[in-house]
Amino acid sequence: MLTRREALAATALAALFVAPGARAQDRLNVIASFSILGDFVKNVGGDRVEVATLVGPNGNAHVYAPSPGDAKRVADAKLVFVNGLGFEGWLERLVKASGTKAPIVVATKGIKPLERGGEHGHDHDHGRADPHAWQSVANAKIYVANIRDALIAADPAGKDAYLANAAAYLAKLDALERDVREVVAKIPADRRRVITSHSAFGYFQDAYGVSFTAPQGVSTEAEASAKDVAAIIAQIRKQKVAAVFLENVTDPRLVEQIARETGAKVGGTLYSDALTDDKGDATIYIDLIRHNLRQLASALVS
Amino acid sequence: MSMLNAIFIAPFTEFEFMRRALAGALALALGAGPLGVFLMLRRMSLVGDAMAHAILPGAAVGFLLSGLNLFAMTAGGLIAGFVVALLTGLVARTTELKEDAALATFYLLSLAVGVTIISLKGTNIDLLHVLFGNVLALDDQTLLLIAVNATITLIALAVIYRPLVIECVDPGFMRTVSSAGGPAHLAFLVLVVINLVSGFHALGTLLAVGIMMLPAAIGRFWARDTTLMILIATASGAVAGYAGLLVSFHFGVASGPAIILIAGALYLCSLLFGRVGGLVRQLFPGRHLEA
């Protein structure tokens with residue numbers, strides 16, 4: 001397992017560092033709004049595409065403040081990939097301000113959006129879709145297909161390369177999804193309940209049947225009220241939730257308080273909305289899902 | 001009886017985080033109440049706001065350097081606040097520039113420096129949330145910090161109380177009889193900074209000023225005497241903390257704003273019905289004096 005991960009990371013690194021020398025001029029300049037989406041685009045685009053991400057590793061795309069440099073990069077891009085579903089609220093103004101003529105590609109096109117929160121939710125922003133669609137690997141495959149089609153439309157000469165890259169990556173995602181289902185199946189059904197700080201795992205819950213509850217809504221912008229926190233503590237006591245998890249993009253103090261008060265163990269950090277930087281163990285999407293899976297399994301199986 | 005219990009007491013007996021939030025809010029009110037009254041009496045009501053802005057960058061830089069570390073963020077905030085307070089006092093007392101103008105220049109500079117540093121380093125966790133604090137997530141360390149700050153504030157105020165009151169009432173007289181006015185004023189500004197730093201852990205830099213100034217304004221409508229004013233201010237700050245947490249618990253409103261809004265409601269009542277200069281009292285002076 002470890003060696004495979006290393007091999008994957010090495011390949012990704014190689015693709016990053018070796019390729020630029022090849023044909024820097026005719027590479028397609030594209031923008032992805034956040035790190036996970038950027039990883040998808042890199043995988044499909046391969047060495048024909050130069051990807052820049054606006055919100056970097058460990059960054060929070062819900063409340064990002066773009067810089068003039070970002071506007072310039074958007075203006076120079078041939079394609080702008082966004083998640084959509086209300087994830088990057090600041091992006092629309094950035095695109096307008098930059099005056100770019102690049103087409104905006106919504107990578108979640110065709111994904112059936114979940115109502116935010118679901119049955120366990122706390123209705124801060126009613127009726128809005130949950131944007132965290134990448135947390136289900138099945139959805140990630142739709143992202144990849146959308147990216148592939150958009151790249152082919154923008155750069156027809158690279159059609160064969162994009163088709164081949166996408167097919168290879170989709171195969172990896174298939175293997176990943178099999179692993180996710182396998183691991184979740186090992187967790188006893190009555191222990192598949194965890195707490196996180198903001199509702200980023202609705203799609204994971206929907207696809208794989210692990211139930212997530214969070215004091216903050218789907219966006220980290222909403223502030224938790226005493227009522228929400230009390231409801232979660234009551235739920236943990238009643239249902240015996242096994243573990244609470246922190247996230248790499250949000251303030252951990254509230255979840256730590258909940259853990260202290262209920263005696264639930266802090267299971268570790270889940271990666272929700274962003275990849276980690278080079279020091280972390282999830283610099284690519286596949287590692288992100290595998291990391292979350294390991295964290296869940298080690299906290300819930302025993 | 002059991003219903004009253006369920007509404008007013010049970011939230012706190014049942015949940016530890018509510019008890020912690022209440023303890024934090026009460027300690028904040030204890031220190032912020034008297035300071036707010038003095039700020040108001042010295043016509044410095046907006047100084048708290050300016051100081052909060054001066055502190056914010058310091059706390060942000062502390063956060064960027066060492067993450068969500070209570071000590072680093074507190075130290076950063078204190079340093080930024082002290083530097084601005086000292087420079088302001090220095091400029092106001094040695095040049096033609098008045099204190100408000102000096103403060104305005106320095107807090108804006110502090111803010112600009114902070115924002116520049118943040119934008120250079122880029123942010124990890126959503127900084128705004130860190131800076132907004134959360135009264136529902138007070139851990140032992142933070143609670144202790146708030147309590148220690150409140151204690152220091154009360155002791156220090158007891159020491160500088162006389163010069164402070166005299167300087168409020170008659171600064172000219174103060175200068176002729178004593179040279180304690182300057183140091184007392186400086187100590188007072190330092191206390192304001194300490195309490196704002198406490199406040200930002202619980203309520204965030206923006207609302208921390210609210211728990212200072214609103215209770216003071218409430219006290220102003222009920223008492224002419226400074227001591228009584230301070231007591232009323234502190235009590236109404238405590239009531240706002242308690243009631244705000246209850247509102248947040250029962251109606252699902254974010255707790256920081258709820259506390260300040262309750263204080264605002266108390267202020268409106270005082271504005272209308274206050275014994276000292278309340279609007280109703282001004283409109284019908286005779287009838288109320290008879291009663």
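Just so we're clear, the structure is a prediction, and the values are computed from it rather than from any experiment. All values below were derived from every heavy atom in this structure, side-chain atoms included, with hydrogens, water molecules and symmetry-related copies excluded. Chain letters run A, B, ... following the sequence lines, proteins first, then strands; residues in each count from 1.
Rounding to the nearest 0.5 Å places CD of A:Q257 at 8.5 Å from CG of B:L136. Between the CZ atom of B:F249 and the OG atom of A:S225 there is a distance of 9.5 Å, given to the nearest 0.5 Å. B:F17 CZ to A:I258 CD1: the interatomic distance, rounded to the nearest 0.5 Å, is 8.0 Å. Taken from CZ in B:F15 to CZ in A:R237, the straight-line distance is 5.5 Å, to the nearest 0.5 Å.
Contact residues of residues 141-149 of chain B toward chain A are absent (heavy-atom distance under 4.5 Å).
Looking at heavy atoms from C-beta onward, A:K227 lies out of side-chain contact with B:F251 at the 4.5 angstrom threshold. In this structure, B:R20 and A:R260 have side chains that are in contact, with non-hydrogen atoms separated by less than 4.5 Å. Side-chain contact between A:I233 and B:E14 is absent, with no heavy-atom pair separated by less than 4.5 Å.
Contact of B:L138 with chain A is made through the backbone alone, with heavy-atom distances under 4.5 Å. Contacts between B:L245 and chain A at a heavy-atom distance below 4.5 Å involve the backbone alone (N, CA, C, O).
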Sequence neighbours excluded and cut-off under 3.5 Å, please list the side-chain donor-acceptor pairs for residues 253-264 of chain B, or say none.
none

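Under the rule for a ring pair (Phe, Tyr, Trp, His ring centres under 6.0 Å), A:Y203 has no partner lying at least two apart in sequence or in another chain.
Applying the side-chain hydrogen bond (donor to acceptor under 3.5 Å, both in side chains) test to pairs two or more places apart or on separate chains, none has a residue in residues 231-250 of chain B.
No side-chain donor-acceptor contact under 3.5 Å links B:E16 to the backbone of A:E261.
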